[in-house]
Enquirer: 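One structure, as structure tokens, below. Some questions next.
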2 protein chains.
Amino acid sequence: MDFFNKTGKMAIGSRLRMLTEMITEDAAKIYKLYDIDMQPKWFPVFYVLSAGEAKTITDVAKEIGHSHPSVSKIIREMAKHDLVTEQKDKTDGRRNMVSLSTKGLSITQKIEDQYTDVNQAIEQLIAQTRNDLWKAIEEWEFLLEQKSLFNRVRDQNKERESLKVKIVDYTADYKQAFRDLNEEWISKWFKMEGADYKALDNPESYILNRGGHILVALYNNKPAGVCALIKMDDPDYDYEMAKMAVSPTVQGKNIGFLLGNAIVEKAKSLGAKTIYLESNTILKPAINLYHKLGFNKVAARTSPYERSNIQMELIIK
Amino acid sequence: MDFFNKTGKMAIGSRLRMLTEMITEDAAKIYKLYDIDMQPKWFPVFYVLSAGEAKTITDVAKEIGHSHPSVSKIIREMAKHDLVTEQKDKTDGRRNMVSLSTKGLSITQKIEDQYTDVNQAIEQLIAQTRNDLWKAIEEWEFLLEQKSLFNRVRDQNKERESLKVKIVDYTADYKQAFRDLNEEWISKWFKMEGADYKALDNPESYILNRGGHILVALYNNKPAGVCALIKMDDPDYDYEMAKMAVSPTVQGKNIGFLLGNAIVEKAKSLGAKTIYLESNTILKPAINLYHKLGFNKVAARTSPYERSNIQMELIIK
DNA sequence: TATATTTGTGTAATTAGTTACGTAATTGTA
DNA sequence: TACAATTACGTAACTAATTACACAAATATA
């Protein structure tokens, strides 16, 4: 199919489905050729019963990897064709013991030639290929059992996304971004206050020159988040984490966490034992993030900000 | 699955189905991960439309290898989710021109990352295997297009069956079989005549000692078919092919053809240029077989047999 | 130009599986 | 020993495809 050359391997599911359908279709014709009264879908059930012993529906289902209703249906169909007999277990009234009938057993004889020929045909097919389909399926089954396709894709996603995010130190280039990103969320939820203007308009004199730091999260090399670490003149706390802002256009990419983490690491590297922050309880995702970073709520302290209604601290061990 | 180790490769259909199901299941979760409003089954349709142009239902179906009702249904579902827009073709009222809507187009942007990650994940999976599943599927598609699985199995069957058939020269051991097999079909369709009894009761004096031959087809080493080559005392023909009989219990195994062929070869090896035969038009499979062997109808000749109403000849080049 | 054939599409029924759920029998446990 | 949990399995509803069929529109043909 030309289609699959275009799509690439992400269409492997569709492609597999088509091949499967093609093979199943021929399987039905093959039973007819050998004049055997059986449908391809019965085969797995027939096969496990052909060992001879009677088995329960659930046993068969487990063995062939189907759901039990599927086996239940197949057994009913096979019973209609007199291939199996059902019998309630005497010691366990729930169990429906299924075994091949005389007619079913007679088919096990008749079908031997078909088994031989089909196996031979497939072996020859495989011998003509450079990549062994049977073994390839086996390998996929093994690998997917260890780690599902979903998990593989998710990890791929995380890796790619995290490559796009870089946390860098503040430079004058980011002055505008520092102001804009903060003004954006502050004025969305509250209103800008005097203390905001002071810090955002003069980060050098109000934050950096006083022993503080600012980190910038770049997403695809563009500033998408900022956060400040402000030196506190307080017996209880070394630094305050403040002015954290992440652009709403890049939400859900874990940038807040990466930024917060980097700020905490920075504080640690500066020998800090405690970090303080102020926030507002209506900013639920932010509060969650602070929790995730290890912050805990503390008793109220006075704040220069009107919007502050919750205070948190992180004790560094 | 342990099951498949037991069954051998004839269960490749079932095994493929299971792998397909596993992958499709994860595909649905993957779309969710990327927050894309799409089902795995929509993907092929979405993909061909993402090229931009509007296409008819049938075009899409052809391109992705689905039936048109399948595409029709998918389109309706996608329309319900505002992913496509339908529009009747102005110049051809039958055509339903389908293209991606604005929302659909916006997904083509969003989905790029997902494509990348899924392809990457599958590439890595393939890199971890010794047998490339993708290429293996491709090879199977190619080989099955050239000759279907059904035809491969049928040929395998024929080959195995023909190994069971041996054509041997007549010996006294086969006297009873020569008589019985012939009497069986003659008395089923007609009634035994004087000439029949003579030849069948005394093959040595009536056939072999007069320069004729008898061949016996053994199926599993038991006589299952016979045929005589009788020397003719006629200016037009060297030999007559007669008394061909195949047991109805082994019908459909090509034994008649193998036997007839062997008789013709025997005649050739004896230097014959012409072979003659008599039959009856109600024996259609027999007449077909004679045609297949190269015999053609000739004008009526007198015959010692009442049942003879058609005569045929083979000219050996 | 009338009619037959082909083409495009929708609807209905079928298929081979699934999950969800109900119920009865058995087993485990306080 | 009473009751909760588990097990076995059947029924119902759903899913993602198919084939069969109907019908209208367009095209080919006598």
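The chains referred to below are lettered A, B, ... by the order of the sequence lines, with proteins before strands, and numbering in each begins at 1.
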Enquirer: What contact category does B:Thr91 fall into here, base, sugar-phosphate, or nothing, at under 4.0 angstrom with non-hydrogen atoms?
Expert: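 It contacts sugar-phosphate atoms only.
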Enquirer: How long is the line joining CE of A:Met38 and P of C:dA16, in whole Å?
Expert: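 After rounding, the gap between these two atoms is 13 Å.
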Enquirer: Is any N or O donor-acceptor pair between the side chain of A:Arg94 and the base of C:dT26 shorter than 3.5 Å?
Expert: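 No.
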Enquirer: If you measure from the Lys or Arg side-chain nitrogens to the Asp or Glu carboxylate oxygens, is any gap between A:Glu139 and B:Arg130 under 4.0 Å?
Expert: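 Not counted as a salt bridge, because no side-chain N and carboxylate O are separated by less than 4.0 Å.
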Enquirer: So which one's nearest nucleotide on DNA chain C is more toward 5', A:His66 or B:Lys73?
Expert: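 The answer here is B:Lys73.
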Enquirer: Just the rounded figure in Å: distance from C1' of C:dA24 to CG of A:Asp92.
Expert: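 After rounding, the gap between these two atoms is 11 Å.
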Enquirer: Could you check A:Arg17 against A:Glu86 and say which one's nearest nucleotide on DNA chain D is further toward the 5' end?
Expert: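 The residue whose closest nucleotide sits nearer the 5' end is A:Glu86.
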Enquirer: Donor-acceptor pair under 3.5 Å: do we get one between A:Lys41's side chain and the base of C:dG17?
Expert: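 By the distance-only test, no, there is no pair.
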Enquirer: Tell me: CG of A:Asp59 to P of D:dA8, nearest whole Å?
Expert: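 These atoms are roughly 7 Å apart.
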Enquirer: Quickly work out the A:Lys88 NZ to D:dA8 C1' distance and round it to whole Å.
Expert: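 For the pair A:Lys88 NZ and D:dA8 C1', the rounded distance is 8 Å.
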Enquirer: Can you tell me how far P of D:dT19 sits from NZ of A:Lys29, to the nearest Å?
Expert: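 Going from NZ in A:Lys29 over to P in D:dT19 covers 12 Å.
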Enquirer: Please state how far atom CE in B:Met18 lies from atom C1' in C:dT18, giving the value in whole angstrom units.
Expert: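 These atoms are roughly 12 Å apart.
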Enquirer: State, without any angle test, whether B:Tyr31 and B:Asp37 hold a side-chain donor-acceptor pair at a distance under 3.5 Å.
Expert: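 Judged by distance alone, the side chains do not pair up.
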Enquirer: Base, sugar-phosphate alone, or nothing: which one does B:Thr58 contact when heavy atoms must sit under 4.0 Å apart?
Expert: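 Here B:Thr58 touches the backbone only, sparing every base.
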Enquirer: Would you say B:Asn96 places a side-chain N or O within less than 4.0 Å of OP1 or OP2 belonging to C:dG10?
Expert: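 So the side-chain polar atoms of B:Asn96 do come within 4.0 Å of the phosphate oxygens OP1 or OP2 of C:dG10, strictly under.
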Enquirer: With a 3.5 Å cut-off and heavy atoms only, can you find an N or O donor on one side and an acceptor on the other between the side chain of A:His68 and the base of D:dG10?
Expert: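 It does, because a donor-acceptor pair links the side chain of A:His68 to the base of D:dG10 below 3.5 Å.
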Enquirer: If you check the B:Thr56 side chain, which of D:dA16, D:dG10, C:dT9 turns out closest?
Expert: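 Nearest listed nucleotide: C:dT9.
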Enquirer: With respect to the side chain of B:Pro69, which nucleotide from C:dG17, D:dA20, D:dT11 is positioned closest?
Expert: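 The answer is D:dA20, which lies nearest to the side chain.
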Enquirer: Distance check needed: D:dA17 C1' versus A:Glu21 CD, whole Å only.
Expert: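 In whole Å, D:dA17 C1' lies 6 Å from A:Glu21 CD.
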Enquirer: Hey, does the side chain of B:Arg76 come within less than 4.0 Å of C:dT11's phosphate (OP1/OP2), counting only N and O?
Expert: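 Affirmative; the distance criterion is met.
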Enquirer: Checking A:Lys292 against A:Phe257: charged group under 6.0 Å from the ring centre and within 45 degrees of the axis?
Expert: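 Judged by the rule (NZ or CZ under 6.0 Å from the ring centre, within 45° of its axis), A:Lys292 counts as positioned above A:Phe257.
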Enquirer: Between the side chains of B:Glu63 and B:Tyr47, does any donor sit under 3.5 Å from an acceptor?
Expert: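 No - no donor-acceptor pair under 3.5 Å links their side chains.
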Enquirer: Tell me whether the side-chain N/O atoms of B:Gln39 come closer than 4.0 Å to OP1 or OP2 in D:dT15.
Expert: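 So the side chain of B:Gln39 is outside the cut-off, no N or O lying under 4.0 Å from OP1 or OP2 of D:dT15.
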Enquirer: Identify whether the distance between the nearest side-chain nitrogen and carboxylate oxygen of A:Asp92 and A:Arg95 falls below 4.0 Å.
Expert: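 Yes, charged N to carboxylate O under 4.0 Å.
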Enquirer: Check the distance between D:dA24's C1' and B:Asp89's CG and give it to me in whole angstrom.
Expert: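 The answer, rounded to whole Å, is 15 Å.
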Enquirer: Can a side chain N or O of A:Arg95 be found less than 4.0 Å away from OP1 or OP2 on D:dT7?
Expert: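 False: A:Arg95 side-chain N/O out of range (4.0 Å or more) of D:dT7 OP1/OP2.
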Enquirer: Starting the side chain at C-beta, find the nucleotide from D:dT18, C:dA16, C:dT11 nearest to B:Ser72.
Expert: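 Nearest listed nucleotide: C:dT11.
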Enquirer: Reckon A:Ser70 has a side-chain N or O less than 4.0 Å from the OP1 or OP2 of C:dT18?
Expert: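 Yes, within the criterion.
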Enquirer: Between A:Lys41 and A:Glu77, is any pair of side-chain heavy atoms under 4.5 Å apart?
Expert: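 Answer yes - side chains close enough.
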